[in-house]
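Report on the following structure.
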There are 2 protein chains.
Amino acid sequence: MALEHAILVSLLEKPGSGYELARRFERSIGYFWTATHQQIYRVLKRMEGDGMLAVREVPQQGRPDKKEYSVAAPGRAALSQWLHEPVEPESLRHDLAVKIRGAAFDDPAALVREVERHRQAHADRLAHYLAGQVRDFTGPEAPAPLDAGQELQHVVLRGGIAYERMTIAWLDDVLATLHRLAERPPHARG
Amino acid sequence: MALEHAILVSLLEKPGSGYELARRFERSIGYFWTATHQQIYRVLKRMEGDGMLAVREVPQQGRPDKKEYSVAAPGRAALSQWLHEPVEPESLRHDLAVKIRGAAFDDPAALVREVERHRQAHADRLAHYLAGQVRDFTGPEAPAPLDAGQELQHVVLRGGIAYERMTIAWLDDVLATLHRLAERPPHARG
DNA sequence: ACTAACATGTAAGCTGTTACATGATTAT
DNA sequence: ATAATCATGTAACAGCTTACATGTTAGT
């Protein structure tokens, strides 16, 4: 399971609390792995018990105390071992594709609004990624030259950008197909 | 959960046994939704109990008997209802991206072979999809004109093809990045 | 004899989601 | 007052994965 490993990577990049991790999973790490705070707290506790993480209670002024987690030696070793093991290439799980094929047994035109909604969500994500790319990697505020960690973060972000662009283009193809089907004379629908 | 709905779509396209469904989930349906036979048998039983599916025992010669499932009226209604409900745009779960960011804390060059392996897997899938496209939709053996169901299957397949092409191009970008980092003088790494 | 394909299941364990629960501080 | 943000958890349930389990027929 990669949630543990995603947490190890994130904490190596910067130690932090469960709450902070949950927010990172809504942003940068979340571009390729999602997790809710409930999951994160459960896994942090387990990993702490396994000796993978070290905890430090940090008293704060004007805010509740927090537990700052950082990666202990066994955690770093576990990550290193995982990096050297092969993982299976992902298989997709795409509800919308199921819906599109299902539309053959319902009204294809009824899907148009849903597909447009998805297109908008992907366009928003793309805009967000592009802004992040300029801010962190290509803009005047970005460090130059980038270190290895930043280069690797950038290539992952480029993957997210490519994914969103591809998805938007495909959803346009889907919309065009749905419109073509809606214009067919009834006897040709089948 | 979309497994039920994926099963409904598949059985509407063609009734079949749990075993046959499991094979379809390794092929066409599996392009965008995966499931193992254990999952499928369990869900089929539940759906049958809920009255969504009808079963027919089919004796076979030279083979074990099979249970052929088909969609009953309540199943069709449930699919239709789901088609009219919005679903959340998917979030990615990509182990390899976690590994790439993790490589900053290990040896980036050690990831090259893993990335190449993934690239090969995606190239194989792309070849498989392209062959299917010619066989079912664009080749001389394919029906012309396509009916609505076939048009929708084709646009989903085009999505799979676009996904594999995008992924292969991104993995080439990843490989180029890893090679660039490996060529850096040691003082410029970290 | 052995392997592959056909065919269907159970059990245990892990992962993930949703709902519930609490409490402080800061800004409007 | 009210809402938002910070901060951490529990409980119940649903879904998925892995291992185990059985038996037939067809091909080499």
Side-chain angles (χ1 to χ4, degrees), chain A residues 1-7 11 15-27 29-30 32-50 53 55-69 78 82 85 87-95 98, chain B residues 1-7 15-27 29-30 32-50 53 55-69 78 82 87-95 98:
Chain A
M1 98 99 168
L3 177 53
E4 290 185 6
H5 302 114
I7 286 175
L11 290 178
S17 68
Y19 187 83
E20 281 162 358
L21 278 171
R23 286 198 319 171
R24 290 185 210 169
F25 274 92
E26 286 167 6
R27 315 177 100 255
I29 319 280
F32 48 83
W33 201 270
T34 57
T36 58
H37 80 273
Q38 293 90 335
Q39 244 180 300
I40 289 166
Y41 283 118
R42 201 193 324 152
V43 173
L44 282 174
K45 201 165 255 185
R46 186 178 71 217
M47 291 173 79
E48 189 200 334
D50 293 346
L53 302 179
V55 204
R56 198 168 58 98
E57 292 272 344
V58 179
Q60 294 187 117
Q61 51 196 20
R63 286 182 192 180
D65 296 354
K66 67 173 179 178
K67 294 181 185 171
E68 195 187 68
Y69 289 91
W82 178 68
E85 280 166 10
V87 292
E88 281 308 296
E90 325 285 305
S91 31
L92 282 179
R93 293 237 159 149
H94 210 306
D95 296 84
V98 178
Chain B
M1 100 105 167
L3 176 54
E4 289 185 8
H5 303 114
I7 286 174
S17 68
Y19 187 83
E20 282 162 357
L21 278 172
R23 285 197 320 172
R24 290 184 211 171
F25 274 92
E26 286 167 8
R27 316 176 101 258
I29 318 281
F32 49 84
W33 202 269
T34 57
T36 58
H37 79 273
Q38 293 89 337
Q39 244 179 298
I40 290 165
Y41 283 119
R42 185 160 17 111
V43 173
L44 282 175
K45 200 165 259 184
R46 187 178 71 219
M47 291 172 79
E48 188 200 335
D50 293 346
L53 302 179
V55 204
R56 198 169 57 99
E57 292 271 344
V58 179
Q60 295 188 117
Q61 50 197 21
R63 287 180 191 180
D65 296 355
K66 65 174 181 180
K67 294 181 186 170
E68 195 187 70
Y69 289 90
W82 179 69
V87 293
E88 280 310 294
E90 325 285 305
S91 31
L92 280 179
R93 293 239 156 147
H94 210 304
D95 294 87
V98 178

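It should be emphasised that the depicted structure is a prediction, and the values quoted were computed from it without experimental measurement.
- Qualifying ring-ring contact (aromatic ring centres under 6.0 Å, His included) partners for A:Y41, counting only residues two or more places apart in sequence or in other chains: A:H37.
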Between A:L21 and A:L44, is a side chain to side chain contact (heavy atoms under 4.5 Å, CB included) present by the stated rule, with each step listed?
CA-CA 10 Å; A:L21 278 171; A:L44 282 174; 3.8 Å; yes

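- The listed nucleotides are D:dT10, D:dG15, D:dC16; the one nearest the side chain of B:R42 is D:dC16.
- Whole-Å rounding puts the A:I40 CD1 to D:dT10 C1' distance at 16 Å.
- The nearest whole Å value for the distance from the CD atom in A:Q38 to the C1' atom in C:dT15 is 13 Å.
- One interatomic measurement links the two molecules: CZ of A:R46 to C1' of C:dG16, which rounds to 12 Å at whole-angstrom precision.
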Between protein and nucleotides 23-28 of chain D, map the contacts as a letter string: B base, S sugar-phosphate only, - none, heavy atoms under 4.0 Å, written 5' to 3'.
B-SS--

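- Every salt bridge (Lys or Arg N to Asp or Glu O under 4.0 Å) that A:E68 has, sequence neighbours left out, goes to A:R56.
- Distances were taken from every side-chain heavy atom of B:K67 (C-beta onward) to each of C:dG16, C:dT8, D:dT17; the shortest belongs to C:dT8.
- The nearest whole Å value for the distance from the NZ atom in A:K66 to the P atom in D:dG9 is 14 Å.
- Atom OH of B:Y69 and atom C1' of C:dA7 are 12 Å apart (whole Å).
- Remark: A:K66 engages A:E20 in a salt bridge (Lys or Arg N to Asp or Glu O under 4.0 Å) (not counting sequence neighbours).
- Considering only side-chain N and O atoms, B:R93 lies under 4.0 angstrom from the phosphate OP1 or OP2 of C:dG16.
- Heavy-atom distances under 4.0 Å link DNA chain C to no residue of residues 16-25 of chain A.
- Closest of all the heavy-atom pairs between B:W82 and A:D95 is CH2-O, 3.7 Å.
- Between the CG atom of B:L44 and the P atom of C:dA7 there is a distance of 14 Å, rounded to whole Å.
- The phosphate of D:dT17 has OP1 or OP2 within less than 4.0 Å of a side-chain N or O from B:Q39.
- B:Q60 comes within 4.0 angstrom of sugar-phosphate atoms only, judged by non-hydrogen atoms across all strands, and of no base.
- Of the inter-residue distances, the one linking B:L92 atom CG with A:R93 atom CZ reads 14.0 Å to the nearest 0.5 angstrom.
- Contact between the side-chain N/O atoms of A:K45 and the OP1/OP2 oxygens of D:dT8 is not found at any separation under 4.0 Å.
- Spacing between atom CG of B:D50 and atom C1' of D:dA14 amounts to 14 Å, rounded to whole angstrom units.
- Regarding contacts with the backbone of C:dG9, every side-chain N or O of B:Y41 stays at 4.0 angstrom or more from both OP1 and OP2.
- In this entry the distance linking NE2 of B:H37 with C1' of D:dT22 reads 11 Å, nearest Å.
- Taking five base pairs at each end of the helix from C:dA1-D:dT28 to C:dT28-D:dA1, the local helix axes there meet at an angle of 30°, rounded to 10°.
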